[in-house]
There are 2 protein chains.
Amino acid sequence: MAATTRSTIVAVARRANVSPSTVSRVMNGHTTVDPAIAERVRAAAQELNYSPSPLARSLVLGRTQTVAILVPDLANPTFQGMLRGLSRAAARSNYRVLVADSLETVSEESLLAGELRRSSDAIVLCAPRMPADRLLEVMPSLAPAVVINRDDPRLAAPTLSADYEAGIRPLAEHLYDLGHRRLAYLEGNPHSSSNTSRLRGLDAFCADHPDVSLDRLPGGVAFEHGYAAADAVLASSATGVLAFNDLVAMGLLAAMHERGVAVPQDLSITGFDDITFARYTTPALTTASVPDVELGEQAWVRLHALLVGDAPADDVRVLPRLEVRGSTGPAPTRASGAAASSD
Amino acid sequence: MAATTRSTIVAVARRANVSPSTVSRVMNGHTTVDPAIAERVRAAAQELNYSPSPLARSLVLGRTQTVAILVPDLANPTFQGMLRGLSRAAARSNYRVLVADSLETVSEESLLAGELRRSSDAIVLCAPRMPADRLLEVMPSLAPAVVINRDDPRLAAPTLSADYEAGIRPLAEHLYDLGHRRLAYLEGNPHSSSNTSRLRGLDAFCADHPDVSLDRLPGGVAFEHGYAAADAVLASSATGVLAFNDLVAMGLLAAMHERGVAVPQDLSITGFDDITFARYTTPALTTASVPDVELGEQAWVRLHALLVGDAPADDVRVLPRLEVRGSTGPAPTRASGAAASSD
DNA sequence: CGTGCCTAAGAAATCGTTTTCTCGGCGGTA
DNA sequence: TACCGCCGAGAAAACGATTTCTTAGGCACG
């Protein structure tokens with residue numbers, strides 16, 4: 001019968017008439033023990049429905065068989081993808097994943113990271129809004145750790161990132177090739193590293209195309225932010241809009257639909273990330289594809305190397321791939337332009 | 001200076017010239033200790049950058065400050081929502097979340113659940129495909145635990161569920177009211193409880209409407225399954241399709257679009273769950289809304305009650321809410337029917 | 001002035017393992 | 001036959017905290 005109280009190693013030892021050491025040895029198959037005794041121990045363990053306490057093991061072994069991941073927002077499909085990639089890859093090595101999202105609390109992010117790290121063996125840090133100096137400050141206490149989407153060269157930890165700076169350019173060029181000259185960028189969080197990266201890319205683009213005007217508009221990171229930005233977009237008289245990410249683009253898309261603004265005839269919209277659902281919007285979203293699941297998997301590969309002391313694998317820097325779909329089209333002629341044309 | 005090696009409680013004790021007991025007392029504020037000494041201890045702790053090992057605490061306190069959640073598929077937005085709800089609610093009580101998805105390995109699901117449970121204080125079990133008897137068998141060893149979407153009355157654990165049986169009926173009635181008489185149901189996993197629940201609901205519906213014919217077609221749980229079912233749907237000559245969930249519906253939608261079948265003019269399609277993206281498809285998806293995030297939050301409420309020994313809150317059984325959007329419309333007249341009309 | 005209680009801090013037990021360390025016995029060789 | 005070395009199993013230390021148990025000292029009261 002299964003013991004009502006959790007059975008311990010000494011219970012098994014008593015039942016098999018051996019010492020706890022021997023039970024441990026049998027369970028872990030470390031040293032060679034007399035086959036007869038081993039069998040007796042296994043039987044006793046079975047009867048008592050014994051399995052070693054992970055806690056006690058962790059304490060003495062110094063490893064928890066757990067990795068943590070901190071993401072800014074569990075509602076964002078991109079971070080969900082990273083979590084999924086990490087979780088599945090780690091599971092293959094019999095590691096579990098401790099998850100937390102920091103929501104909007106940038107201030108306590110580093111404390112949270114520390115706590116997570118202390119109850120796991122390693123951590124994946126995805127904190128686009130944490131100030132660079134603070135990040136550098138806490139990193140040593142977080143090791144082993146990998147960082148996602150922070151490209152500060154001073155970071156000692158392995159880094160996985162998408163090259164947002166280079167990745168946004170093809171989107172802009174795409175719009176340019178379609179004849180768009182008045183563009184708007186719906187910003188993400190102003191202080192996030194991924195936002196500033198995109199801005200750098202766009203600045204470079206503008207420098208190469210003096211005939212383009214680019215408006216920076218307040219945006220955000222989710223549907224509602226894109227939705228709320230609709231009026232500002234129309235007021236800007238831009239014909240092409242680069243949204244911070246797919247969610248923002250979808251929100252904008254919905255708002256434009258409600259206002260009767262035709263996409264892409266009156267207005268072209270691009271997203272970023274290529275979340276699964278980007279191809280199912282109306283029209284399907286032109287975007288730049290970031291392999292989130294793969295980033296999560298690769299994060300595990302880096303972490304695993306750190307954990308077993310292997311030579312650290314190279315940093316990963318993926319180039320987002322332009323994905324042209326229906327939400328972008330030729331720039332409207334001046335006459336048939338969007339409602340905002342002032343004359 | 002921060003110690004290079006993790007500082008322990010005895011290090012702090014030595015530095016403050018007190019016993020480890022006193023340090024512990026100060027850190028936890030349990031007994032009253034001399035203010036001067038307390039200050040000395042705090043200073044020492046600060047200087048050594050000390051924070052107690054969660055592992056050691058867990059071992060002696062018998063709680064890990066962690067809850068686990070097992071979901072069948074981390075890629076499914078519904079389970080992501082539950083995870084999010086759980087994680088955020090638990091975080092408010094300073095609990096962390098250990099996450100795992102069982103993917104397609106039903107066989108090892110109960111082992112995985114046990115492992116997860118043993119390294120946490122409680123578990124949320126979301127295992128729609130685990131056989132009922134096996135579920136009943138493992139539940140005792142998993143307590144404290146809550147179960148999501150299993151309505152077996154023999155279950156001792158608190159249960160959170162959506163009433164799929166009752167919830168699918170309004171969808172069917174909706175199609176019926178639109179004139180559809182030939183319906184098809186794209187099944188989920190045949191052995192999943194949520195699939196059989198829907199089937200029960202549909203059977204009842206059919207019993208009340210003898211003039212309706214319902215085809216059961218093999219489907220699945222993800223985009224690709226819905227996509228792949230397109231030909232079978234057309235061959236069935238159904239005018240209204242109830243997909244197992246929104247993902248399947250979206251896959252079907254895409255396939256129909258490619259085939260030039262107009263939705264809802266030629267074919268009406270409904271989903272289930274009302275994932276965030278359901279309103280952004282073309283046309284937007286008629287579906288039944290399940291509050292996944294709230295289910296996750298309520299799971300935490302139940303778990304928390306169990307953990308602190310409160311009276312268990314009532315089981316939750318939510319009724320999915322019909323959400324009519326653009327993917328359903330009047331049944332086509334016989335002449336203008338879908339491509340499958342054989343003449 | 002002595003006894004008793006209360007407080008505050010240290011000593012030691014505990015949580016459940018793993019892993020040295022130690023010791024007894026056995027076999028092989030000189 | 002005696003000794004050395006090895007092997008298998010138990011004893012004990014360690015992991016890093018918390019918490020009971022103990023004890024010393026101070027204060028109040030008789």
Side-chain angles (χ1 to χ4, degrees), chain A residues 3-45 48-66 94 114-115 117-121, chain B residues 3-45 48-66 94 114-115 117-121:
Chain A
T4 157
T5 175
R6 175 81 46 229
S7 52
T8 157
I9 200 176
V10 312
V12 176
R14 252 197 302 266
R15 188 174 241 270
N17 248 316
V18 295
S19 75
S21 331
T22 300
V23 176
S24 172
R25 284 191 271 257
V26 171
M27 299 299 291
N28 299 292
H30 272 337
T31 333
T32 152
V33 348
D34 186 286
I37 298 189
E39 195 40 53
R40 219 166 64 214
V41 168
R42 264 187 289 268
L48 270 59
N49 195 10
Y50 169 76
S51 74
S53 150
L55 254 66
R57 298 197 81 225
S58 296
L59 184 59
V60 61
L61 293 179
R63 73 185 131 86
T64 61
Q65 217 71 4
T66 298
N94 221 31
E115 266 187 67
R117 172 58 188 82
R118 285 183 61 71
S119 37
S120 61
D121 297 342
Chain B
T4 157
T5 174
R6 176 86 40 231
S7 51
T8 158
I9 200 177
V10 312
V12 177
R14 250 197 303 265
R15 188 175 243 268
N17 248 316
V18 295
S19 75
S21 331
T22 300
V23 176
S24 173
R25 284 191 270 257
V26 171
M27 300 298 291
N28 298 291
H30 273 336
T31 332
T32 153
V33 343
D34 185 288
I37 297 190
E39 194 40 53
R40 219 166 64 213
V41 167
R42 265 187 288 271
L48 269 60
N49 195 12
Y50 168 75
S51 75
S53 150
L55 254 64
R57 298 196 82 228
S58 296
L59 184 58
V60 61
L61 294 180
R63 72 184 131 87
T64 60
Q65 216 70 3
T66 299
N94 222 30
E115 266 188 68
R117 170 59 187 81
R118 284 184 60 70
S119 35
S120 60
D121 297 341

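Bear in mind the structure is a predicted one, so any value in this text is a computation, not a measurement. The sequence lines fix the lettering, A, B, ..., with proteins before strands; numbering per chain opens at 1.
Two residues are said to be in side-chain contact when any heavy atoms from C-beta on lie closer than 4.5 Å; R118(B) and E115(B) fail this criterion. Inter-residue side-chain proximity for Q65(A) and P54(A) is flagged as unmet; no heavy-atom pair is nearer than 4.5 Å. Counting only heavy atoms from C-beta outward, the side chains of R57(A) and N28(A) approach each other to under 4.5 Å.
When all heavy atoms of A13(A) and S19(A) are compared, the pair lying nearest together is CB-C, 3.8 Å. Of all the heavy atoms in A56(A) and S53(A), the pair that sits closest is N-OG, 3.0 Å. Here the closest non-hydrogen pair linking V12(A) and V23(A) is CG1-CG1, 3.9 Å. Shown here for T64(A) and D121(A), the closest heavy-atom pair between the two residues is N-OD1, 2.6 Å. Across every non-hydrogen atom of P52(A) and M27(A), the tightest pair is CD-CE, 4.1 Å.
Atom C1' of nucleotide dG25(C) and atom CG of D34(A) are separated by 14 Å, given to the nearest angstrom. Atom pair R63(B):CZ and dT18(D):C1' shows a separation of 11 Å (rounding to whole Å applied). Taking atom CZ of R57(A) as the reference point, atom P of dG16(D) lies 17 Å away to the nearest angstrom. Rounded to an integer number of Å, the gap from N28(B) CG to dT20(D) P is 12 Å. Between the C1' atom of dT17(C) and the CZ atom of R118(B) lies a distance of 11 Å, rounded to the nearest Å. Taking atom CD1 on I9(A) and atom P on dG16(C), their separation rounds to 11 Å, with Å as the unit. Here the C1' atom of nucleotide dA9(C) and the CG atom of N17(B) are 13 Å apart, to the nearest Å. Rounded to an integer number of Å, the gap from CZ of R40(A) to P of dG8(D) is 16 Å.
Annotation: the span from R25(A) atom CZ to T22(A) atom OG1 amounts to 5.0 Å, rounded to 0.5 Å. Residue L48(A) holds its CG atom at 5.0 Å from OG of S7(A), rounded to the nearest 0.5 Å. Rounding to the nearest 0.5 Å places OG of S51(A) at 11.0 Å from CD1 of I9(A).
Close to dT19(C), at under 4.0 Å from its OP1 or OP2, lies a side-chain N or O of H30(A). OP1 and OP2 of dC15(C) both lie 4.0 Å or more from every side-chain N or O belonging to T8(A). Note on Y50(B): every side-chain N or O is 4.0 Å or more away from OP1 and OP2 of dG16(D). Side-chain N/O atoms of T22(B) include one lying less than 4.0 angstrom from OP1 or OP2 on dG10(C). For dT18(D), one of the phosphate oxygens OP1 or OP2 lies less than 4.0 angstrom from a side-chain nitrogen or oxygen of S24(B).
Bending across the helix from dC1(C)-dG30(D) to dA30(C)-dT1(D), expressed as the angle between its end axes from five pairs apiece, amounts to 60° (10° rounding).
Listed nucleotides: dG10(D), dA14(D), dG8(D). Nearest to the side chain of T32(A): dG8(D). Distances were taken from every side-chain heavy atom of A56(B) (C-beta onward) to each of dG16(D), dT18(C), dA9(C); the shortest belongs to dG16(D). The side chain of L59(B) approaches dG16(C) more closely than any other nucleotide in the set dG16(C), dT18(C), dG10(C).
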Walk me through whether S119(B) and T66(B) qualify under side chain to side chain contact (heavy atoms under 4.5 Å, CB included). CA-CA 8 Å; S119(B) 35; T66(B) 299; over 6 Å; no
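At the heavy-atom level, V10(A) lies nowhere under 4.0 Å from the strands shown. Among the heavy atoms of the strands lying under 4.0 Å from I37(A) are primed sugar atoms or P, OP1, OP2 only; no base atom is included.
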Protein N or O to nucleotides 11-13 of chain C N or O, pairs below 3.5 Å:
from: dA11(C); atom 1: N7; to: S21(B); atom 2: OG; distance (Å): 3.4
from: dA11(C); atom 1: N6; to: S21(B); atom 2: OG; distance (Å): 3.0

Heavy atoms under 4.0 Å is the rule here; annotate nucleotides 23-28 of chain D 5' to 3' with B where the base is hit, S where only the sugar-phosphate is, and - elsewhere. ------
